[in-house]
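Numbers for residues simply follow the sequence, beginning at 1. In this text, all values refer to a predicted model and were calculated from it rather than measured experimentally.
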Amino acid sequence: MKHSWVVVMLSKIKLSCVGVTFAFVTICSHVQADTFELTKVAEGVYVHHGQHLDIDDGYQGDICNIGVVIGREAIAVIDTGGSKHTGEQLLQAIKAISPLPIRYVINTHVHPDHTYGNAAFQNGTTHFVGHEKLANTMLLRKEQYEKLNARLLGEAGKVSNTVTPDTPVHNKLTLDLGDRQLQLQAQHVAHTHTDLIVLDTKTNTLFAGDLLFAQRTPVVEGDLKGLIAALEQINQSHYTLIVPGHGLESNDQPTMLGNALRYLNLLLADIRTSIKKGISMEQTMDTAAASERDKWQLFDIANRRNVNVVYPQLEWE
């Protein structure tokens with residue numbers, strides 16, 4: 001996938017022990033440890049790429065992809081990262097691109113690496129948008145997730161409070177940014193039971209959330225068969241560009257979705273075979289979809305977790 005690689009970078013330097021923050025625009029294709037980058041991937045569409053880190057190993061609240069779509073009148077943000085600090089970095093990067101108000105923050109699902117940056121966007125005018133089941137699910141998991149953030153992120157986690165959506169998506173919802181419409185569609189149980197996808201109709205760019213992973217091993221919390229069905233449904237339409245929840249965006253839809261479907265279908269088949277043969281879940285963790293190991297980052301840990309979720313579900317087929 002070729003981009004113009006116009007990147008907004010925010011860096012922090014210290015002069016005489018005083019923190020000075022500044023923004024600048026440059027041409028760059030490299031991620032640096034001290035920067036927060038927004039990459040222009042289509043006209044008026046930017047993506048921040050999260051790092052490929054496991055939540056239990058080096059997690060800093062910045063592992064998911066974040067989208068920014070700029071209309072004639074307003075801006076929409078798609079996911080906000082895993083902490084208020086990440087959300088604040090995102091907010092400053094957006095201000096370096098456009099002075100327009102941020103009208104909407106859209107969360108593609110409940111997981112904390114996508115939602116805890118919301119806290120940086122509480123200003124009384126920005127609307128928070130999510131699946132109709134998202135608000136209740138966030139509240140049910142509030143204590144668990146906030147304790148997790150405090151443990152993993154320290155003080156940055158402690159100030160990252162739960163911000164629930166005020167605008168639910170029951171099935172479909174269209175948001176107007178001024179000469180630019182976003183079409184949101186809630187999904188059945190798939191990656192989670194709170195998934196939705198976002199289509200920027202002006203550039204035909206799809207934000208798939210964690211229904212789709214690229215380079216990084218796909219993750220299943222909800223229902224594996226539902227996730228496969230959701231990806232197959234997405235694949236029935238053509239998109240100019242697809243932004244996954246993790247990994248690089250691509251205009252090569254057949255390869256991108258084909259890779260994910262290949263892994264997920266193999267995982268499904270191998271777990272079913274293990275159950276049929278009476279092979280335990282623990283043993284299956286080491287064998288299911290093993291031929292995919294060299295094709296994905298973080299495979300061993302993510303694949304074992306997937307087996308742990310999926311195996312008990314398939315036992316009751």
Side-chain angles (χ1 to χ4, degrees), residues 3-4 6-10 23-25 36-50 64-81 84-109 114-132 134-135 138 161-186 194-209 239-243 245 249:
H3 299 311
S4 61
V6 176
V7 176
V8 173
M9 298 167 45
L10 295 183
F24 57 94
V25 178
F36 188 95
E37 301 181 358
L38 284 174
T39 301
K40 185 176 181 180
V41 298
E43 186 58 38
V45 180
Y46 295 80
V47 173
H48 172 75
H49 299 100
C64 79
N65 289 342
I66 295 170
V68 177
V69 182
I70 303 175
R72 179 170 47 82
E73 300 172 355
I75 297 170
V77 175
I78 304 167
D79 289 328
T80 56
K84 184 179 181 181
H85 173 67
T86 299
E88 289 169 343
Q89 290 182 302
L90 169 62
L91 181 58
Q92 292 306 310
I94 294 170
K95 288 180 178 180
I97 297 172
S98 172
L100 291 174
I102 298 170
R103 185 176 291 170
Y104 303 107
V105 165
I106 304 164
N107 289 136
T108 61
H109 63 289
H114 294 255
T115 61
Y116 274 89
N118 288 5
F121 294 87
Q122 289 182 288
N123 54 25
T125 60
T126 297
H127 290 283
F128 295 86
V129 186
H131 190 286
E132 62 179 341
L134 181 59
M138 290 176 77
N161 58 299
T162 301
V163 179
T164 59
D166 57 64
T167 305
V169 182
H170 301 289
N171 182 18
K172 296 181 179 180
L173 178 68
T174 298
L175 303 178
D176 188 4
L177 302 178
D179 194 30
R180 186 167 221 140
Q181 291 188 333
L182 300 182
Q183 294 180 351
L184 283 59
Q185 184 170 352
T194 60
D195 300 308
L196 61 78
I197 58 176
V198 182
L199 176 65
D200 171 42
T201 58
K202 189 164 189 174
T203 62
N204 196 33
T205 297
L206 180 73
F207 289 86
Y239 301 100
T240 303
L241 185 69
I242 300 179
V243 182
E249 62 283 342

Quick one: pull up [atom1] in [X] and [atom2] in [Y] and give me the separation to the nearest 0.5 Å.
X      : Y      : atom1 : atom2 : result
Leu175 : Asp200 : CG    : CG    : 11.5 Å
Gln89  : Lys84  : CD    : NZ    : 13.5 Å
Gln183 : Leu173 : CD    : CG    : 10.0 Å
Leu206 : Tyr239 : CG    : OH    : 5.0 Å

Could you tell me whether the side chain of [Y] reaches within less than 4.5 Å of the side chain of [X], counting heavy atoms only?
X      : Y      : value
Thr162 : Tyr116 : yes
Ile102 : Leu91  : yes
Phe121 : Leu90  : yes
Leu196 : Ile106 : yes

Which side-chain N or O atoms in residues 65-75 pair as donor and acceptor under 3.5 Å with protein atoms at least two apart or in another chain?
| residue | atom | partner | partner atom | Å |
| --- | --- | --- | --- | --- |
| Asn65 | OD1 | Gly50 | N | 3.3 |
| Asn65 | ND2 | Pro244 | O | 2.9 |
| Asn65 | ND2 | Gly247 | O | 2.7 |

Nearest heavy-atom neighbours spanning [X] and [Y]:
X      : Y      : answer
Ala93  : Leu38  : CB-CD1, 3.6 Å
His114 : Gly245 : CE1-O, 4.1 Å
Asn161 : Ala119 : OD1-CB, 3.3 Å
Ala42  : Lys40  : O-CG, 3.5 Å
Leu134 : His109 : CD1-C, 3.8 Å
Ala186 : His131 : CB-CD2, 3.6 Å

Return yes if some donor-acceptor pair links the side-chain N/O of Thr86 with the main-chain N/O of Gly117 below 3.5 Å, else return no. no

Main chain of Asn118, side chain of Thr80: is a donor-acceptor contact present, judged purely on distance under 3.5 Å? yes

Residue pair Asn107 / Thr115, side-chain donor-acceptor N/O under 3.5 Å: no

Verify whether one side chain among Asn204 and Thr240 offers a donor that lies under 3.5 Å from an acceptor in the other. yes

Checking Glu132 now: which residues fulfil salt bridge (charged side-chain N to carboxylate O under 4.0 Å, His left out) with it, not counting sequence neighbours? none

Please verify the inter-ring angle class for Phe36 with His48; under 30° counts as parallel, over 60° as perpendicular, anything in between as tilted. parallel

Short N-O contact, Asp179 and Lys202, less than 4.0 angstrom: yes

Let's go through Phe207 and Thr108 carefully: what are the C-alpha distance in whole Å and the side-chain angles of both, what is the deciding distance for side chain to side chain contact (heavy atoms under 4.5 Å, CB included) to 0.1 Å, and is it a yes or a no? CA-CA 9 Å; Phe207 289 86; Thr108 61; 5.5 Å; no

Are more than 12 heavy atoms, taken from residues, nucleotides or ligands other than Glu43, located less than 6.0 Å from that residue's CD atom? no

Step by step, work out the side chain to side chain contact (heavy atoms under 4.5 Å, CB included) result for Thr203 and Arg180. CA-CA 9 Å; Thr203 62; Arg180 186 167 221 140; 3.2 Å; yes

Name of the residue among Leu182, Val198, Leu177 meeting side chain to side chain contact (heavy atoms under 4.5 Å, CB included) with Tyr104: Leu177

State which residues pass side chain to side chain donor-acceptor pair (under 3.5 Å) with Asp195; sequence neighbours excluded, sorted by chain then number. Thr192

